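Below, read A as the first sequence line, B as the second, and so on, with proteins coming before strands; counting in each chain starts at 1. Source: prediction; values computed, not measured.
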Amino acid sequence: MTRHLITSAIPYINGIKHLGNLVGSQLPADLYARYQRARGHEVLFLCATDEHGTPAELAAAKAGKPVAEYCAEMHDVQARIARDFRLSFDHFGRSSGPQNHRLTQHFAGRLAEAGLISEVDEHQMYSLSDGRFLPDRYIEGTCPNCGFEGARGDQCDNCTKQLDPVDLIDPHSTISGSKDLEMRATKHLFLRQSAMKDRLDAWIDSKDDWPVLTTSIAKKWLHDGDGLQDRGITRDLDWGIPVRRGEEDWPGMEGKVFYVWFDAPIEYIACAQEWVDAGKGTDWERWWRTDKGAEDVRYTQFMGKDNVPFHTLSFPATILGSGEPWKLVDYIKSFNYLNFEGGQFSTSRGRGVFMDQALEILPADYWRWWLLSHAPESSDAEFTWANFQASVNKDLADVLGNFVSRVTKFCRSKFGETVPEGGDYGPREDALVAELETRLSAYAAHMDAMEVRKSAQDLRAIWVAGNEYLQSAAPWAAYKEDPARAAAIVRLSLNLIRLYAVVSAPFLPDASDRLAEAMHLSDRSWPEGSVAEALSLLQPGWAFDVPDNLFRKITDEEIADWQVRFAGTRSEG
RNA sequence: GCCUCGGUAGCUCAGCGGUUAGAGCUGACCGCUCAUAACGGUUAGGUCGCAGGUUCGAAUCCUGCCCGAGGCACCA
């Protein structure tokens, strides 16, 4: 048995995430967590909301609420939606929790002791009207290079030139529109990543089995230009973790907080503490401290490609730099983006389907199946309504759902709602078992390797094998000549339904539950032995109920409606 | 501009040096009639982005170009 620590990139607090966000981290992480649990491994699957930073403050202000209150509410909203998507987190924490405050301050103190923190005096743009320092991207003006009027302080979207806010002509705050800006001196802490470049480089080099997407981004940051740069880890904000050096004050840093990207990954650890404090576990250190039992833990992170630099470089620099025996990540599974009907999902323009809306129109399993079977692994992928309809109707309703329906209804009409006895298995059954042995081992191998799309294809092939068998064995024909033979075919087919309930569970947890209920399953253990054995668990006389149809079909009318409804401009902040 | 990934049948993708390039969906035809008009079988469909090169042999390696997506460090 292996112990799997699994984390999903933590979603930002300022709103409900869209399906592209979901498929890039939380959903595949859930698939993997469910699978590893099903295989009998001990799993700790953690996620949280990422709550600090300027966008959270602005979103709260827009909602007319204190930021702490806003975050608490949005956390509950995200937690509820996650639960409805059947994301099986062992704990869904908050980066603003007291555990993360202490731990983040602790790491900063350790890094300072190790000489890996430098204090840098710099000048940043301050908005007198807004009463705050502005991040570069919150300042707009005219580009000195091309004359574009909507250039941001960090970059011009028109000519792509890298800019500094002071370069802009007529700069103004995008928050208030105010031009009452000035450069003010401020001091910030920098994490001396450059001092750890070689260590990080060697560490990344040792990970030759990681997705190229992961390592290529890390390598780019390590070797581009002058190499890995130091990174500011504090900000002039109110909402965040106060800068402290461990337990002590940090002279000169009063009123400042840690940068959200410094404290967010530390929340992975703090979340395990929250898990214990919530009474769900008893020992978080055996998952996170290699001196306290975590040396045999396998730690896997899931994230979209935009998160890769922080997980391959900044967070490892924090962990390694502390000089303490914290568990480092073993495998980083990263994803490309999911596009929507020929363009990008857009939170600001309300383009695409958001998690709450998705569940309003269809249950979680429908989305889980399409998203996972089309996960953007090797390149960006695209969601289209037509493809969604075709895939869901064919795979779920026709191939899986209809198989269950035809078997259970045939049995009920000929033998009643119990597993029938009598008859013998022959070559057809041997062929089916052989086919399933091959398919199941491929499925398991792909799931172990986190090959999400390929796993979905294997699972589908397992469902198809049932229909092929049924068609060739034709119990409806056998019944007329040899009812006992028909009974044997039906008995095996009912056992196939049990197998499907078990192996489909990571993708389709609700359908799995409904099948388990219908088949009166008390034991849902994975088929670790032979397939023949797994297909003999439901013995003659075993009672079951014919379930309602597992999946309904999506109609053309619905698709036409949704195409219009989700095309853009969601009327909401 | 630099870097990375991708460009394979109408669609979504696999294959990444070696027999006639594969799968699912879609189309056509046949079969079945237990089932959510579902299922099974057969079949059609491809200058493997373009142009060179290496090799006995390239979708697969190299070079250049074209197209798409992303990264390029304080947006989380």
Quiz item: What's the spacing between A:Gln193 CD and A:Leu222 CG if we round to 0.5 Å?
Solution: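 Answer rounded to 0.5 Å: 9.5 Å.
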Scan [X] against the nucleic acid and name what it touches under 4.0 Å (heavy atoms): base, sugar-phosphate only, or nothing.
X	result
A:Asp50	sugar-phosphate
A:Gln229	base
A:Phe310	base
A:Gly304	nothing
A:Leu228	base
A:Phe190	base

Mind calculating the distance between [atom1] ([X]) and [atom2] ([N]) to the nearest angstrom?
X	N	atom1	atom2	value
A:Leu213	B:C3	CG	P	18 Å
A:Met303	B:A76	CE	P	18 Å
A:Ile204	B:U4	CD1	P	17 Å
A:Gln389	B:C11	CD	P	18 Å
A:Ile217	B:C3	CD1	P	16 Å
A:Trp221	B:U4	CH2	C1'	14 Å
A:His374	B:C25	NE2	P	12 Å
A:Ile16	B:A76	CD1	P	21 Å

Self-check item: OP1 or OP2 of B:A76 under 4.0 Å from side-chain N/O of A:Tyr259
Solution: yes
Quiz item: For A:Arg231 and B:A73, is the shortest distance between a side-chain N/O and OP1 or OP2 below 4.0 Å?
Solution: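 So the side chain of A:Arg231 is outside the cut-off, no N or O lying under 4.0 Å from OP1 or OP2 of B:A73.
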Protein-nucleotides 21-24 of chain B N/O pairs under 3.5 Å:
unit_1 : atom_1 : unit_2   : atom_2 : d
B:G24  : O3'    : A:Arg460 : NH2    : 2.8

Just to verify, what does [X] make a side chain to side chain contact (heavy atoms under 4.5 Å, CB included) with, not counting sequence neighbours?
X	result
A:Ala474	A:Trp476, A:Ala477
A:Asp238	A:Glu57
A:Lys409	A:Ser405, A:Arg412, A:Val546, A:Asn549

Exercise. Report yes or no: is there a donor-acceptor pair, N or O only, under 3.5 Å between the side chain of A:Trp261 and the base of B:A76?
Key: yes
Between [X] and [Y]: side-chain donor-acceptor atoms closer than 3.5 Å:
X	Y	value
A:Thr234	A:Lys187	no
A:Asn393	A:Lys553	no
A:His52	A:Tyr12	no

Exercise. Determine, for A:Tyr479 and A:Lys414, whether the Lys NZ or Arg CZ falls below 6.0 Å from the six-membered ring centre while staying within 45 degrees of the axis.
Key: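 Yes, a cation-pi geometry holds between A:Lys414 and A:Tyr479.
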Self-check item: Under the 3.5 Å Watson-Crick or G-U criterion, the dot-bracket string of RNA chain B, with | for inter-strand pairs
Solution: ((((((((.[[[[.)..(...]]]].(((((.......))))).....[[[[[..)....]]]]])))))))....
Practice problem: Can you check each nucleotide of nucleotides 31-37 of chain B against protein heavy atoms at under 4.0 Å and return B for base, S for sugar-phosphate only, - for none, in 5' to 3' order? | Solution: BSSBBB-
Quiz prompt | Chi angles and distances behind the side chain to side chain donor-acceptor pair (under 3.5 Å) call for A:His188, A:Asp121 | solution = CA-CA 6 Å; A:His188 283 294; A:Asp121 290 305; over 6 Å; no
